[in-house]
Amino acid sequence: MVTMETAELETDLSLFKYDSLEQLPAAYRELDEAERTDRIETALAELGDDVVILGHNYQRREIVEHADFVGDSYQLSKEAAEADAEYVIFGGVTFMAESADIITDDEQTVILPSMEASCPMAGMAEALQVDAAWAEITAAAPDENIIPITYMNSYADLKAFCASQGGLVCTSSNAHRAFEWAFDRGDKVLFLPDKHLGENTAHRLGMEDAIAEWDPWDPEGKDAEEVAESDIILWDGYCQVHERFREEHIEQVRADDPDANVIVHPECRREVVEAADVAGSTATICDTVANAEPGDTWAIGTEIHLTRHLQRWHPEVNVLPLCGDACMDCNAMRQIDPNYLTWVLEELVAGRERNVIEVAPEEKELAQVALDRMLEI
Ligand code: 13P
Ligand code: SF4
């Protein structure tokens, strides 16, 4: 009985959205770095302006080094919107590549080098779960206008759903503005899927007493009528990489060096964000370290690749991972292997497109509305 229920759930809720994408051919699996770099540069020289590579701040060094633009989710979506290249190679995760496909022109093609780069948090709010929750919550508050906001870390169908209900998308750098936009137009917000970003944003707006949580995995434990009494309803999703950080890590850093500064991503738990000196998107983290004085110490509470990049980019600043060796890399971001990058580029040189991300047309139009609303706030 239990096995059947699990099997049913797995067919309905998938972690890997694009599990039909192609695997790396054997000939590309054992390339050494010097050969790979040479081949990537040769392919890029041949492709010229036909290709632009966008790299998220959490990508490996070997990807970031070849990227035309490196940035946070918001900056990359703006770069995608402005890109002229025929091919946008996305060094990031599936939901980011989907957003790039939505924002770019129809003649442009978005390629995600590796198939398994799927953010687990995006998979925590599947459209069919959200549909069910929406029906319950709206029925419990029939006279209220509830505006759904989805974090960028979500799939295109959820972005489309939000647009269809008068809502929008946000990233960690503009979540507060998205909430303000929504409260100008409605009575309540349903925020998906990251409960920590939602809670941190509610605090930023002084609305911390207006929060309720919706746990989609617990059919018994939630009462739609009680939840619908709150102005901000938070979907119970989270990022494992950021949940790992605790207040004790900040206390330890300050005990080791009372002058140390701490910056964390707003996907961290509320008490961690509260204890830190600064909280902000990956771009804010980069800018803060870039503007630090030589000799300053900054402990970084986010994905470990970014911390390592900052150590390389700013050797004059003492950059530390907030929880030392316990800091995690993002397993989804790590799937973008530089061997995959070599393969997709050489295939383009040979006239073949591999691992193309194509959002279904019926979702694309509406998801674009939700993204455009974000780009306008
Ligand atoms: P940013 O929008 O700050 O780049 O963050 C994206 C992300 O996935 C953080 O885990
Ligand atoms: Fe998703 Fe967390 Fe990875 Fe960001 S760090 S892409 S939220 S799993």
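Counting starts at 1 for both ligands and their atoms, following the listed order. Quick caveat: nothing in here was measured; it's all calculated off a predicted structure. Reckoned from all heavy atoms, side chains included, excluding hydrogens, waters and symmetry mates.
Here M121 has side-chain heavy atoms under 4.0 Å from ligand 2, and that is the only part of it that gets that close.
Under 4.0 Å is where a charged nitrogen must lie from a carboxylate oxygen, and between E33 and R61 at least one such pair does. A salt bridge is absent between D259 and R254: the closest approach of a Lys/Arg side-chain nitrogen to an acidic carboxylate oxygen does not fall below 4.0 angstrom. With respect to D72 and K78, no salt bridge is recorded, no charged nitrogen being found less than 4.0 Å from a carboxylate O.
Contact atoms of ligand 1 toward H242: 10 (O) (distance under 4.0 Å to a heavy atom of the residue). Close contacts of ligand 1 with S172, meaning ligand atoms under 4.0 Å from a residue heavy atom, involve 1 (P), 2 (O), 3 (O). Of all the atoms in ligand 1, the ones that sit under 4.0 Å from a non-hydrogen atom of H56 are 1 (P), 4 (O), 5 (O), 6 (C). Atoms of ligand 2 lying under 4.0 Å from at least one heavy atom of C330, given by number and element, are 3 (Fe), 5 (S), 6 (S), 8 (S). Listed by atom number, the atoms of ligand 2 under 4.0 Å from N153 heavy atoms are 4 (Fe), 7 (S). The contact set between ligand 2 and P120, taken as ligand atoms under 4.0 Å from a residue heavy atom, comprises 8 (S). Every atom of ligand 1 with a heavy atom of Y58 under 4.0 Å away is listed here by number and element: 7 (C), 9 (C), 10 (O). Interface of S281 with ligand 1, defined as ligand atoms under 4.0 Å from a residue heavy atom, comprises 3 (O). If you number the atoms of ligand 1 from 1 as listed, the ones under 4.0 Å from a heavy atom of D72 come out as 1 (P), 4 (O). Every atom of ligand 1 is numbered from 1 in the order shown, and the set under 4.0 Å from a heavy atom of H265 is 1 (P), 3 (O), 5 (O), 9 (C).
Under 3.5 Å, the side chains of Y340 and Q23 contain a donor-acceptor pair of N or O atoms.
Note: an N/O pair closer than 3.5 Å links T282 and ligand 1 by distance alone. Between Y74 and ligand 1, a contact under 3.5 Å exists for no N or O pair. Residue contacts with ligand 1: E267 is placed with a nitrogen or oxygen under 3.5 Å of a nitrogen or oxygen of the ligand (distance criterion only).
Within the 3.5 Å criterion, the main-chain N or O of E316 finds no donor-acceptor partner in the side chain of H314. Side-chain N or O atoms of E98 include one that pairs as donor or acceptor with a backbone N or O of A156 at under 3.5 Å.
Under a 4.0 angstrom heavy-atom cut-off, C239 registers as lying outside contact with ligand 1. Not close to ligand 1: E303, with no non-hydrogen atom less than 4.0 angstrom away. Remark: distances from the non-hydrogen atoms of M333 to ligand 1 are all 4.0 Å or more. Remark: distances from the non-hydrogen atoms of E267 to ligand 2 include one below 4.0 Å.
Metal site remark for atom 2 (Fe) of ligand 2: H242 contributes no N, O or S atom at a distance under 2.8 Å.
Ranking the protein heavy atoms by distance from atom 2 (Fe) of ligand 2 puts C239 SG, 2.3 Å first. Residue, atom and distance of the protein heavy atom nearest to atom 8 (O) of ligand 1 are N153 ND2, 3.1 Å. In terms of protein heavy-atom proximity, atom 1 (Fe) of ligand 2 is closest to C119 SG, 2.4 Å. Distance from atom 2 (O) of ligand 1 to its nearest protein heavy atom, with residue and atom name: S73 OG, 2.9 Å.
Annotation: side chain of I232 is not in contact with side chain of K188 (no heavy-atom distance under 4.5 Å).
Between F161 and W134, the ring-plane angle classifies as perpendicular under the 30° and 60° cut-offs. Relative orientation of the H56 and Y58 rings is perpendicular, given thresholds of 30° and 60° on the angle between their planes.
A 6.0 Å sphere centred on CD of E362 holds more than 12 heavy atoms belonging to other residues, nucleotides or ligands.
Taken to the nearest 0.5 Å, the CD atom of Q311 stands 10.0 Å off from the CG atom of L306. Note that CG of N174 is 6.0 Å distant from OH of Y74, once rounded to the nearest 0.5 Å.
Test R354, R39, R352 against E346 for side chain to side chain donor-acceptor pair (under 3.5 Å) and you get one pass: R39.
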Derivation of the side-chain hydrogen bond (donor to acceptor under 3.5 Å, both in side chains) call for Y87 and E353: CA-CA 9 Å; Y87 294 102; E353 297 172 355; 2.8 Å; yes
